[in-house]
Amino acid sequence: MSSKTLYDKLWDAHHVAKRDDGSSLIYIDRHLIHEVTSPQAFDGLRERKIEPWRVDSIIATPDHNVPTENRAKGLKGISDSTSKLQVLTLEENVKKYDLNFFSLGDERQGIVHVIGPEQGLTLPGMTVVCGDSHTSTHGAFGALAMGIGTSEVEHVLATQCLIAYKQKNMRINIEGDLLERVSAKDVTMFIIGQIGTAGGTGFNIEYAGSTIENLSMEGRMTLCNMSIEAGARSGMVAPDQTTFDYIKGKPFAPSGDQFDKALDTWISLKSDPGAVFDNEFSFSSEQILPQVTWGTSPEMVSSIDEKVPEPRDFKNKENYEDALNYMGLKPGTKLTDISLDQIFIGSCTNSRIEDLRIAAEILKGNKLAKNIKRALVVPGSGLVKKQAEEEGLHEIFIDAGFSWRDAGCSMCLGMNPDQLNQEERCASTSNRNFEGRQGYKGRTHLVSPAMAAAAAIEGRFIDVREI
Amino acid sequence: MKQISNEFSGTFICLDKSNVDTDQIIPKQFLKSIKKTGFGDNLFDGWRYLDEGTIDQETSSRMVNKDFIFNNKLFADSNILVSGENFGCGSSREHAVWALKDFGIKTVIAGSFADIFYNNCFKNGLLALCLKKSEISKIFENFNENSAQSIEIDLINQVLYYGDSEFKFELDDYKKKCLLEGLDEIGASLKFTDQIKSFEKNYQIKNPWLFK
């Protein structure tokens with residue numbers, strides 16, 4: 001038998017049928033649903049007069065539209081009527097089809113890509129889909145996890161399958177220990193800077209090497225989360241003892257004999273020696289310094305010790321000129337000279353307990369710089385919030401001058417009240433620095449939680465290793 | 001024999017940029033709609049208007065960015081959009097395709113596309129078509145904001161006609177069939193119901209922990 005990559009194995013294990021045109025029907029194990037990309041899909045089901053194929057595969061929660069304050073008020077706490085209607089529509093669909101649901105009042109509610117793993121709803125070897133591009137996050141468990149459009153959401157609801165073409169295999173190897181206070185966020189931003197935002201288009205990315213093996217599950221989730229920013233619909237890390245230890249005891253994970261049985265399957269989930277990759281990159285951990293984006297695409301990124309580059313040094317310089325105009329930056333400016341207005345720690349990329357711990361460690365005993373108008377910490381789930389409060393992290397954030405919020409997507413995409421004002425500049429632990437993403441004419445710089453915390457203290461970017 | 005597909009042919013607009021993301025195609029505030037229509041007025045909202053757009057707003061009272069090509073009356077009836085590399089990157093929001101469609105765009109031509117956006121196009125009857133860099137450059141170079149030009153597309157033979165040029169393009173048979181016949185994908189997949197059920201049965205025996 002020929003050697004297979006992990007992706008090949010997952011593809012083969014879920015392959016239901018080959019269609020005449022060369023595409024395949026791939027069986028889906030887990031379908032995560034939120035309020036923004038599902039209403040039209042449920043309408044489609046009703047038009048066809050069909051029911052969801054497998055209700056126990058579905059878990060729903062509201063996250064994009066939800067305010068991060070006044071959570072106790074539930075739906076009544078949503079003042080925007082269109083946001084409220086969207087959340088209400090999700091609740092109605094949940095009720096109609098009797099779906100698993102974490103409502104606004106439930107402490108298990110949170111960002112869909114945080115709660116799946118936290119509840120043991122994401123497991124190695126699964127196929128996971130969600131009408132959200134950051135579904136790639138779940139690949140951290142050795143799952144094949146893909147973001148899909150609303151038509152595909154409807155298709156999966158109706159058939160439990162996704163129509164897909166097999167992607168090519170890419171492996172990214174990183175070896176060595178990360179430098180102090182350099183995190184998985186810096187690794188993924190560095191990779192995007194190297195291969196570009198279209199570098200992974202048409203590929204599944206497998207991340208490998210000792211640097212990756214040494215990452216916690218939280219770190220692996222951050223890494224896989226931003227595979228989509230490198231163009232890849234899915235990214236993954238082979239499961240190992242770190243993965244199994246994380247899963248054990250989670251509410252929806254198998255237990256007892258079932259866990260042991262599952263483990264027998266999970267340990268085989270890795271690329272065979274000699275498996276062939278269509279493209280491969282290798283980096284050394286020492287190359288990776290704390291990263292900061294300065295433009296309007298995640299590939300417009302540099303190490304903290306660098307300057308905003310000259311557009312003329314790039315092939316399509318107009319794009320870079322437009323980006324710098326939008327960002328209000330001049331070429332040649334040191335990244336450490338960029339001063340900030342807001343700090344955002346949160347999003348499906350960086351709102352897990354480990355992210356909050358590192359930010360708190362840096363903030364402890366410090367205050368926000370005077371020029372920082374607002375700083376938000378938004379835990380990824382109600383349970384992350386609870387854990388952080390048990391550890392006293394919230395007090396560190398509050399003492400420093402941060403606003404301590406309830407779980408949701410918050411300022412990552414500004415579909416809720418948390419937004420930047422025009423031309424405000426934000427150090428953000430989210431995943432996209434697109435124009436207007438965090439608020440109309442807002443300016444986003446992507447960074448790690450440690451770098452965001454350091455920037456909060458200094459009021460400008462600073463190498464977190466100097467704090 | 002040349003067989004022009006009128007539905008996918010017509011006058012075109014150029015947006016000479018790479019990495020046009022779905023947040024630009026349709027900004028986040030408009031995703032709060034629970035419908036598939038009504039997004040056309042807010043296509044490229046951040047570039048098309050000089051003020052901040054809100055959902056359910058009357059667009060006639062807004063400040064228009066006259067320099068943006070989508071506001072040029074000559075191109076108001078365009079049904080083809082030509083752009084650079086990695087078009088449609090970012091969020092999986094199908095609203096981006098619904099907005100293009102609602103505006104009247106039937107064909108998007110680009111140097112390359114992001115995967116999810118590319119898929120979403122064909123689910124909604126939009127043709128997404130890749131050309132070589134040199135071919136895209138030729139279209140950009142000859143584009144003139146003072147006169148609308150057309151592109152003709154022969155979907156059956158997969159040829160694009162522009163001026164004196166003929167560009168061949170790749171398209172898989174299934175996607176072509178979807179566009180030409182308006183195939184119902186879910187209906188087609190449900191024909192595999194027996195196979196899905198039998199797969200599921202075996203799969204559950206092997207992976208019982210995945211079923212509740």
Side-chain angles (χ1 to χ4, degrees), chain A residues 16-17 19-23 25 27 29 36-37 39-40 44 48 56 65 80 82-83 85-86 89 123 125-126 131-133 147-152 154-155 158-161 163 197-198 201-202 231 233 254 258-259 261-262 265 297 299 316 318-319 322 413-415 432 434-437 440, chain B residues 16-19 21-24 27-29 31-36 45-47 52-53 55-56 84-86 89-95 97 112-117 119-120 123-124 172-175 177 185-190 192-193 195-196 199-200 203 206-212:
Chain A
V16 175
R19 296 152 48 105
D20 294 342
D21 56 78
S23 68
L25 283 177
Y27 188 78
D29 295 317
V36 181
T37 56
Q40 298 89 345
R48 286 173 190 276
D56 75 320
N65 275 279
D80 179 321
T82 51
S83 285
L85 177 62
Q86 213 165 41
T89 305
L123 297 171
M126 271 185 165
D132 189 284
S133 61
I148 58 177
T150 297
S151 296
E152 291 173 317
E154 186 183 338
H155 190 279
T159 68
Q160 206 59 33
C161 292
I163 299 175
T197 49
T201 304
R233 208 172 177 181
Q258 288 283 306
F259 185 87
K261 197 165 182 229
T265 306
S297 163
E299 69 187 16
N316 37 7
E318 291 82 5
N319 280 318
D322 288 350
L413 88 166
M415 276 190 79
R432 289 186 176 136
F434 297 154
E435 289 182 28
R437 169 108 178 162
Y440 183 65
Chain B
D16 184 0
K17 271 179 171 289
S18 53
N19 298 324
D21 59 72
T22 52
D23 272 81
Q24 302 322 310
K28 75 270 175 207
Q29 64 267 39
L31 310 189
K32 292 178 185 178
S33 165
I34 56 171
K35 300 190 200 116
K36 285 187 181 182
D45 199 272
W47 292 337
E52 181 178 6
I55 193 166
D56 296 332
E85 299 289 323
N86 201 25
C89 61
S91 154
S92 62
R93 57 185 72 166
E94 201 158 315
H95 313 67
V97 175
S112 62
F113 290 95
D115 282 335
I116 304 177
F117 177 84
N119 264 308
N120 286 344
K123 312 271 178 199
N124 292 280
D172 75 61
D173 289 344
Y174 176 70
K175 290 200 164 64
K177 203 171 155 191
E185 275 200 326
I186 292 177
S189 291
L190 283 171
F192 288 89
T193 294
Q195 267 170 278
I196 301 170
F199 174 93
E200 194 170 50
Y203 185 77
K206 277 193 241 165
N207 307 280
W209 60 89
L210 296 178
F211 293 77
K212 275 258 152 47

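Below, chain A is the first sequence line, B the second, and so on; all start at residue 1.
- Below 30°, between 30° and 60°, or above 60°: for B:Phe211 and A:Tyr27 the angle between ring planes is below 30°, a parallel geometry.
- Taking the charged nitrogens against the carboxylate oxygens, B:Asp21 and A:Arg437 have no contact shorter than 4.0 Å, which rules out a salt bridge.
- A:Ile148 CD1 to B:Lys123 NZ: the interatomic distance, rounded to the nearest 0.5 Å, is 9.5 Å.
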Between A:Arg233 and B:Asp115, does a salt bridge (charged side-chain N to carboxylate O under 4.0 Å, His left out) hold up when you go through it step by step? CA-CA 7 Å; A:Arg233 208 172 177 181; B:Asp115 282 335; over 6 Å; no

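- A:Arg432 touches chain B through its side chain: at least one heavy atom from C-beta onward sits under 4.5 Å away, while N, CA, C and O do not.
- Between chain A and the options B:Trp47, B:Phe113, B:Phe117, heavy-atom pairs under 4.5 Å are most frequent for B:Trp47.
- In terms of heavy atoms, A:Ser133 sits closest to B:Ser91 at OG-CA, 3.7 Å.
- For the pair B:Lys177 and A:Asp21, the salt-bridge criterion is not met [side-chain N within less than 4.0 Å of a carboxylate O].
- Both the backbone and the side chain of B:Tyr174 have a heavy atom closer than 4.5 Å to some heavy atom of chain A.
- Contact annotation: the side chain of B:Ser92 never approaches that of A:Glu152 to less than 4.5 Å [non-hydrogen atoms, C-beta and beyond].
- At a 4.5 Å heavy-atom cutoff, the contact between B:Ile186 and chain A is made by backbone and side-chain atoms alike.
- Residues B:Phe192 and A:Thr159 fail the side-chain proximity criterion, which asks for heavy atoms closer than 4.5 Å.
- The main-chain N or O of A:Gly436 is found under 3.5 Å from a side-chain atom of B:Lys28 such that the two form a donor-acceptor pair.
- Pairing each heavy atom of A:Asn316 with each of B:Ser18, the nearest pair is ND2-OG, 2.9 Å.
- For the set A:Thr89, A:Asp322, A:Thr197, A:Leu85, the count of heavy-atom pairs under 4.5 angstrom toward chain B peaks at A:Thr197.
- Using a 4.5 Å cut-off between heavy atoms, A:Asp20 does not touch chain B at all.
- Side chain of A:Gln86 to backbone of B:Leu31: a donor-acceptor contact under 3.5 angstrom is found.
- Interface remark: of the candidates A:Ala198, A:Gly22, A:Gly125, A:Ala198 forms the most heavy-atom pairs closer than 4.5 Å to chain B.
- By the ring pair (Phe, Tyr, Trp, His ring centres under 6.0 Å) test, A:Phe434 pairs with no residue at all, sequence neighbours left out.
- Minimum heavy-atom separation, B:Ile116 to A:Gly147: CD1-O, 3.5 Å.
- With chain A as the partner, the residue from B:Lys206, B:Gln29, B:Glu200, B:Lys175 showing the most heavy-atom pairs under 4.5 Å is B:Glu200.
- Each of A:Asn65, A:Thr82, A:Asp80 was scored for a side-chain hydrogen bond (donor to acceptor under 3.5 Å, both in side chains) with B:Lys32, with one residue passing: A:Asp80.
- Both the backbone and the side chain of A:Thr201 come within contact range of chain B, judged by heavy atoms closer than 4.5 Å.
- When heavy atoms are compared at a cutoff of 4.5 Å, B:Gln195 approaches chain A by way of both its backbone and its side chain.
- Side-chain atoms of A:Glu435 and B:Pro27, non-hydrogen and from C-beta on, never get closer than 4.5 Å to each other.
- Judged by distance alone, with hydrogens and angles left aside, the side-chain atoms of A:Asp56 form a donor-acceptor pair with the main-chain N or O of B:Lys212 at under 3.5 Å.
- When each of A:Gly202, A:Gly231, A:Ala158 is scored by its heavy-atom pairs under 4.5 Å with chain B, the top score falls to A:Gly202.
- Distance CD/B:Glu185 to OG/A:Ser23: 8.0 Å, rounded to 0.5 Å.
- With chain A as partner, the option from B:Asp45, B:Asp16, B:Asn119 having the largest number of non-hydrogen pairs under 4.5 angstrom is B:Asn119.
- Taking A:Tyr440 as the reference, nothing meets the ring pair (Phe, Tyr, Trp, His ring centres under 6.0 Å) condition, with sequence neighbours excluded.
- Interface residue A:Ser151: backbone and side-chain heavy atoms are both found under 4.5 Å from chain B.
- Contacts of B:Thr22 with chain A are absent, with no heavy-atom separation under 4.5 Å from either backbone or side chain.
- When the candidates A:Gln40, A:Glu318, A:Gln258 are compared by the number of heavy-atom contacts under 4.5 Å with chain B, A:Gln40 comes out ahead.
- When all heavy atoms are compared, the tightest approach of A:Gly149 to B:Asn120 is CA-OD1, 3.4 Å.
- For A:Glu299 and B:Asn19, the side-chain atoms include at least one donor-acceptor pair closer than 3.5 Å.
- When the candidates A:Leu25, A:Asn319, A:Thr265 are compared by the number of heavy-atom contacts under 4.5 Å with chain B, A:Asn319 comes out ahead.
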